[in-house]
Amino acid sequence: MPIIINQEKTQFHLTNGKVSYIINKLKNGHLGHLYFGKALRIDEDYSHFQITDVPTGASCHTYVDDPAFSLETVKQEYPVYGTSDFREPALSIRQENGSHITDFKLVSYKVTSGKKELRELPSTFVNEEKEASTLELVLEDTILNAELTLIYTIFEEHSIITRSAKLKNNSDQAFSIERMMSASIDFPTKDLIMTQLSGTWARERHIHKRKLEPGIQAISSLRGASSHHHNPFMSLQTMDATEHQGEVYGFNLVYSGNFLAQVEVDHYEQSRVSVGIHPTRFEWNLSKDEVYESPEVVMTYSDQGLNGMSQSFHKFYQEHLIAPYWRNRNRPILINNWEATYFDFNEEKLVSFAKRAKELGIELFVLDDGWFGQRNDDTTSLGDWGEDRSKLPEGLESLSAKVRETGLEFGLWFEPEMVSPNSELNREYPDWAIGTPGRERSYGRNQFVLDFTRKEIVDYIYEKMSDIIERTQLSYIKWDMNRNITEAYSRGLAVHQQDEFFHRYLLGVYDLYKRLTTNYPHVLFESCAGGGGRFDPGMFRYAPQAWASDDTDAMERLKIQYGSSLVYPLYSIGSHVSAVPNHQTLRSTPLETRANVAYFGTFGYELNPQELSQEEEDMVKAQISNYKTYRHLIRTGEFYRLQSPFESNETAWMVVSQDRSEALVGWYKVLATPNNRKEQTVRLKGLIENASYQIEGLNRPYYGDELMNRGIPLTTEFNGVNASKAERGGDFQSNVYYLKIEK
Ligand code: DGJ
């Protein structure tokens with residue numbers, strides 16, 4: 001049993017041989033945090049992990065005769081503010097008398113096999129009960145008459161612990177939750193480096209690192225979406241940790257809205273990690289018998305650097321987050337018409353586009369924005385989910401049938417949460433768009449956001465989408481979301497509930513996703529928010545893949561995909577080959593390089609297949625056939641980052657099959673370097689040392705130890721004198737190597 005309880009000392013040790021997490025009951029009945037890290041042997045007692053001797057008189061303390069017991073210094077599991085701890089709390093509750101003081105004491109606990117999913121929020125799950133054990137710690141505040149449950153799950157096969165919290169009001173007096181973190185952990189040191197994934201539209205999830213300093217360091221979103229700007233992920237690593245060595249702690253919030261991930265370093269150099277819904281514009285009113293549940297945090301510990309952390313997240317999400325229907329299925333190679341046509345298409349054009357795509361080996365045709373209402377640009381028709389007969393005179397059924405006759409599956413774009421001011425929907429229901437009565441609304445891409453806190457609106461959109469799914473025998477939906485929420489207010493909520501708005505909005509989004517994916521499990525959803533503006537585990541629970549960025553430039557994509565891979569599995573990263581000059585950067589990169597980057601994701605095309613030259617067509621056919629050979633590796637393999645685009649002109653990464661018999665390596669160089677006589681190799685990872693690997697395109701086999709210690713030899717680069725021998729030349733060069741063990 002991976003949860004060991006010392007009843008006498010009231011200590012709880014979650015361990016599975018990979019990770020240990022230890023909690024105890026403090027002298028005052030609150031919960032103390034003793035340890036999170038590499039698995040420890042089972043010891044009788046870990047009380048000595050809590051050091052309580054502080055300089056007498058330096059802190060406020062709980063007991064008159066014990067100045068050493070101070071909440072200011074003791075490591076806690078779910079701290080509150082105002083009773084001698086002056087740091088940012090996990091929980092804050094405003095009571096009817098205006099007080100915020102609470103006193104939750106441990107009253108009971110329960111260990112069960114398996115794990116329950118959260119009621120209304122996306123969360124990780126077990127496939128069989130034996131895969132995990134769950135500890136519930138129940139605390140009570142007897143004055144408030146409320147029950148707080150902290151829920152921890154440890155998984156047998158993963159260096160992962162999940163956490164969430166639940167609060168129930170048992171009294172007749174209502175109260176308001178003002179802040180309720182999903183996890184809080186007090187680390188005993190500040191000697192840690194924080195890594196975050198930050199950026200903006202078209203530059204999502206770039207890696208940023210900083211050394212912890214006294215005070216608060218945080219990332220957050222207040223946009224109503226997890227955002228392009230900061231991903232709901234944070235890691236802390238020891239000062240000596242690197243990509244492949246050393247200790248790393250990762251935190252990822254399973255939530256798609258406003259969040260906060262912060263570390264507060266105090267005056268004794270302890271670091272408090274807090275992860276959860278952002279307390280700004282958050283409040284939740286609880287009346288008698290009502291329960292509020294926080295989102296879940298996935299926490300991982302790695303002693304093999306950042307790459308070890310990533311492999312833990314990847315494997316865990318493949319098995320315990322992404323819908324089981326898609327786990328063992330290859331997903332179709334798609335072509336999307338967006339960058340090829342934008343709003344300018346008709347049935348004839350699309351069908352000939354699809355026929356051509358089929359000849360290339362593509363498997364799914366996706367019709368993007370512009371098929372509904374009278375949408376010839378982005379100023380109109382969102383919400384009018386009926387086909388535009390001027391473009392599709394015979395309707396969507398006819399288009400879908402014709403596409404499917406070519407042998408391709410049919411997919412469609414929706415932006416379910418939005419309404420254009422200029423739309424039938426807005427004219428009929430002008431109060432469905434979010435806005436504060438009596439005030440102007442701000443614009444974003446000429447559109448407003450529908451009030452998804454209101455069930456009748458979610459129901460209406462569900463009916464529209466399910467009708468189209470059935471009419472067109474849809475295989476795929478790209479669910480877009482192109483603006484953030486402003487003037488947040490719902491006409492469906494009481495005055496005192498207006499700060500529940502942002503969370504209730506997300507509950508509406510999840511409800512729609514859940515209904516659609518439950519009733520149409522075979523429809524593949526790809527989430528999108530103006531590219532990667534909602535690229536988070538909350539979305540991945542329903543949509544196994546997400547459009548990583550509107551930036552399809554291969555060089556930009558190196559950073560975006562490399563950054564995304566810190567947390568998210570390759571097979572969740574939507575990546576396409578697009579035309580050049582690239583529409584976001586106007587850069588022209590070789591077609592080979594564009595595919596070599598896109599292979600390390602879900603793979604597809606975003607260009608007009610009718611505009612390819614004969615040479616390009618042959619290349620595209622070969623690329624598609626290659627991906628069909630590789631894609632089981634992308635879906636199930638282990639990913640290794642080898643060289644970072646954030647640190648040099650070159651990038652390298654690879655994916656290795658679980659049995660180490662096959663691998664795919666990608667190597668990329670942004671700018672050519674003149675007079676370069678450097679021995680060019682890339683050192684690989686994860687192979688079997690004494691196995692001999694055949695590498696496609698190279699004329700001799702290599703042993704695993706040679707490839708890992710000396711490296712794979714790169715093809716010769718043009719360096720100013722060797723034009724006749726060079727296999728590569730110019731900027732934006734790349735190579736992909738497919739390795740297979742020799743029988
Ligand atoms: C933003 C998406 O990220 C694009 O791929 C495309 O679908 C457009 N929206 C359509 O409006």
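Order of listing sets the numbers, starting from 1, for every ligand and every atom in it.
Less than 4.0 angstrom separates some heavy atom of G531 from each of these atoms of ligand 1: 3 (O). When each atom of ligand 1 is checked for a heavy atom of D369 under 4.0 Å away, the hits are 10 (C), 11 (O). Interface atoms of ligand 1 facing K478, defined by a heavy-atom separation under 4.0 Å, are 4 (C), 5 (O), 6 (C), 7 (O). Those atoms of ligand 1 with a heavy atom of C528 less than 4.0 angstrom away are 2 (C), 3 (O). Of all the atoms in ligand 1, the ones that sit under 4.0 Å from a non-hydrogen atom of G530 are 1 (C), 3 (O). Below 4.0 Å from some heavy atom of W413 lie the following atoms of ligand 1, by number and element: 7 (O), 10 (C), 11 (O).
Side-chain N/O atoms of Y568 and N231 include a donor and acceptor closer than 3.5 Å. A side-chain N or O of H229 and one of R223 form a donor-acceptor pair less than 3.5 Å apart.
Closest to atom 4 (C) of ligand 1 among all protein heavy atoms lies D550 OD1, 3.4 Å.
Which of D480, L382, N336 comes nearest to atom 1 (C) of ligand 1 through a heavy atom is settled by distance: it is D480. Counting heavy atoms only, D368 comes closest to atom 10 (C) of ligand 1 of the residues D551, T552, D368. Around atom 8 (C) of ligand 1, the closest heavy atom drawn from W547, F414, W338 belongs to W338.
Ion pairing between E487 and R441 fails under the 4.0 Å rule for side-chain N and carboxylate O. Salt bridge annotation for D551-R557: absent, with no cationic side-chain nitrogen under 4.0 angstrom from a carboxylate oxygen.
A side-chain donor-acceptor contact under 3.5 Å links S613 to the backbone of E616. Of the possible donor and acceptor atoms, none in the side chain of Y255 sits under 3.5 Å from a partner among the backbone N and O of P122.
If you look at E415 next to ligand 1, there are no close heavy atoms at all, none under 4.0 Å.
For the pair R281 and F502, the cation-pi test (distance below 6.0 Å, angle within 45°) is failed. For the pair K478 and F414, the cation does not sit on the ring face, since its NZ or CZ is not both under 6.0 Å from the ring centre and inside 45° of the axis.
Under a 4.0 Å heavy-atom criterion, E526 is not in contact with ligand 1.
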